[in-house]
Amino acid sequence: MATTAIPAGFRALPLPITQLSLAAVLKCGQSFRWSILPLPPSERHGLDNEYRLCLRDRVVCLRQSPDALFYRSVFPPGVPGEMETREAETLAWIRDYFQLEIDLVELYRQWGTADPVFDRLQARFEGIRMLRQDPFENLISFICSSNNNISRITKMVKSLCQHYSPALVTLPHPSGPTLPEETYHPFPPPSALARSEVSAKLRSLGFGYRADFIQRTAAMLVETHGVGWDAKKLMEPSEEWLMTLRSLSTSEARAELLKFVGVGRKVADCILLMSLDKKEVIPVDTHVYQIAIKYYGLNSPSKAANMTPRLYDDVSTKLAAVWGDYAGWAHSVLFTSDLKSFASHGLSSTPPAPPLTRDSAGSSLESTSPVSTPFETPLSTMKRKRATSTKKPTVRPTAFLEVADSLSALAADESGYSLAERVKRRRRKGGISSLDTFCPASG
DNA sequence: ATGTTACCTCAA
DNA sequence: TGAGGTAACA
């Protein structure tokens, strides 16, 4: 058996890739925070990528061969402690985070025996297991997930870390000094997201309506459990409280999660499965619903049905009956196999995306493009209207002054809404007629 | 109680 | 127009 040499600075943990495939698991939409960095040909030795995640006190770096996981951790300068101790802690974290005590190969065998659909797919999707994530990070990340795609969720979570958590360490790119260094921020604690200004700021960062959900959820946690700091666990009390949900029953823990704004049944179930040890829970989203209809004989409605609580339960119950105890884990394999973005949105093949957005919306007339647009569009539109409409648009001589005033007010606004959005909101409220004249609603 | 609808943005 | 939904409202 050909064993891969251990990369310099790394330690090895023997582990068949059938038990864990980092390439699949770390970008299948469980965690949105892993960096996936391609290795240069000179350092590969059969390994494609280096994977990095910033924890509260260290960055964990991983590489993987067919039969081993290689790991090392990097700390900020000046942290005391023995190397041996630190790497032992990191190894313990790895065992816990990847739940390596659970025999995934045996689970695949059981699912394949009970389910012909799974049996047909399992060889092509090996090593997909459930991570055991941090509950607070998981909660906030999945509030971001509503009406959203993996690519944007990833950008949002990164933005959250960069803006609300100080940098912990900066590392060179594994491909060498020709590529820029990578700076790593831990996930921010609840208190960092709880202040009322956060909501508008997140709006300006492109979070949309999720901005309020995140801030209000963080505020609820802080109000209920305080902001003290457990130096030993590096956690705030509300984070520790979220951890205690692991010892509740599934329905009790779910009831607690549903109290947060922005958390409905689907998001709650994601958290139960991905960070609260509820291995049997199957989150039902549009993908899973389609899978259930197509492959598992769920009655497909004649019309496009909404995901009512009743329907949600039907889908969930149906699939749980097929897969048993670890149904949630099995669902993750099917979900990953169905992900269209699995190949195309891979971080390894895509250069780092630019920051989510500028605060263009919040900050004024200096950003030229958003402001110039409203003036440019209407000209052509008005001509069309004039030609096709029986009603002639009346533009009073002073209308452009009102428009200028309106745009100034819009630019000075601190709500965090994008300029386009603020225009729309005003229009909905029936506020500014002259702006309507210049910026007719499209369609 | 069930069934609709609006909600932010981004990338087609 | 829709993307791994949720809250608010008939």
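Residue numbering restarts at 1 for every chain, and letters A, B, ... go by the order of the sequence lines.
Atom CD1 in A:Ile214 sits about 13 Å away from atom P in B:dC8, given to the nearest Å. For A:Met156 and B:dC10, the CE to P distance is 10 Å, given to the nearest whole Å. Atom CZ of A:Arg265 is separated from atom C1' of B:dT2 by 17 Å (rounded to the nearest Å). Atom CD1 of A:Ile153 and atom C1' of B:dC8 are 14 Å apart (whole Å). If you measure from atom CG of A:Asn149 to atom C1' of B:dA12, you get 12 Å, rounded to the nearest angstrom. If you measure from atom CG of A:Asn306 to atom P of C:dC9, you get 18 Å, rounded to the nearest angstrom. At whole-Å resolution of the value, CG in A:Asn147 and C1' in C:dA7 are 12 Å apart.
In A:Asn299, the CG atom is not crowded: 12 or fewer heavy atoms of neighbouring residues, nucleotides or ligands sit closer than 6.0 Å. Counting heavy atoms of neighbouring residues, nucleotides and ligands inside a 6.0 Å radius, atom OH of A:Tyr296 exceeds 12 of them.
At a cut-off of 3.5 angstrom, the base of B:dC8 holds at least one donor-acceptor pair with the side chain of A:Arg210. At a cut-off of 3.5 angstrom, counting only N and O atoms as typed in the model, there is no donor on one side facing an acceptor on the other between the side-chain of A:Lys266 and the base of C:dG5. The base of C:dG4 does not come close enough to the side chain of A:Tyr289 for any donor and acceptor atom to sit less than 3.5 Å apart.
The aromatic rings of A:Phe98 and A:Trp34 are tilted relative to each other, their planes meeting at an angle between 30° and 60°.
Each of A:Met235, A:Glu239, A:Glu240 was checked for a side chain to side chain contact (heavy atoms under 4.5 Å, CB included) with A:Phe136, and the lone residue meeting it is A:Glu239. For the side chain to side chain contact (heavy atoms under 4.5 Å, CB included) criterion with A:Ser73, the lone passing option out of A:Asp57, A:Val59, A:Thr90 is A:Thr90. A side-chain hydrogen bond (donor to acceptor under 3.5 Å, both in side chains) with A:Arg152 holds for exactly one of A:Asn149, A:Asn148, A:Thr154; it is A:Asn148. Put simply, the residue from A:Glu137, A:Gln133, A:His185 that forms a side-chain hydrogen bond (donor to acceptor under 3.5 Å, both in side chains) with A:Arg33 is A:Glu137.
Nearest to the side chain of A:Phe335, among B:dA11, C:dG5, C:dG4, sits C:dG4. Nearest nucleotide to the side chain of A:Thr308, out of B:dT9, B:dG3, C:dG4: B:dG3. Relative to the side chain of A:Tyr209, the nucleotides C:dG4, C:dG5, B:dT9 differ in distance, and C:dG5 lies closest. Residue A:Met274 places its side chain closer to C:dG4 than to any other of B:dG3, C:dT6, C:dG4.
When heavy atoms are screened at a 4.0 angstrom cut-off, A:Val261 is found touching the sugar-phosphate backbone but no base atom. Across all strands shown, A:Gly264 has heavy atoms under 4.0 Å from sugar-phosphate atoms exclusively, and none from any base. Among the atoms of the strands shown, only primed sugar atoms or phosphate atoms (P, OP1, OP2) are found under 4.0 Å from some heavy atom of A:Gly262. When heavy atoms are screened at a 4.0 angstrom cut-off, A:Val263 is found touching the sugar-phosphate backbone but no base atom.
A residue-by-residue look at A:Phe260 and A:Asp285 shows that A:Asp285 has its nearest nucleotide of DNA chain C further toward the 5' end.
Separating the P atom of B:dC8 from that of C:dC9 is a span of 14 Å, rounded to the nearest Å. Only the P atoms considered, C:dG4 is 22 Å distant from B:dA6, to the nearest whole Å. Rounded to a whole angstrom, the distance from the P atom of B:dA1 to that of C:dG5 is 26 Å.
Between A:Tyr108 and A:Phe118, the distance from one ring center to the other falls under 6.0 angstrom. Proximity of the aromatic rings of A:Phe142 and A:Phe32 is defined here by a centroid distance below 6.0 angstrom, and this criterion is met.
The side chain of A:Arg203 places an N or O atom within less than 4.0 Å of a non-bridging phosphate oxygen (OP1 or OP2) of B:dC8.
Annotated stems with DNA chain C as a participant read B:2-7 with C:5-10, B:9-11 with C:1-3, given as range with range, by first number; only runs of 3 or more Watson-Crick or G-U pairs under 3.5 Å qualify.
Between the side chains of A:Asn49 and A:Gln64, no donor-acceptor pair is found at a separation under 3.5 Å. A donor and an acceptor atom, one from each side chain of A:Gln122 and A:Arg109, are nowhere located under 3.5 Å apart.
Near DNA chain C, meaning a heavy atom under 4.0 Å away, there are no residues from residues 312-332 of chain A.
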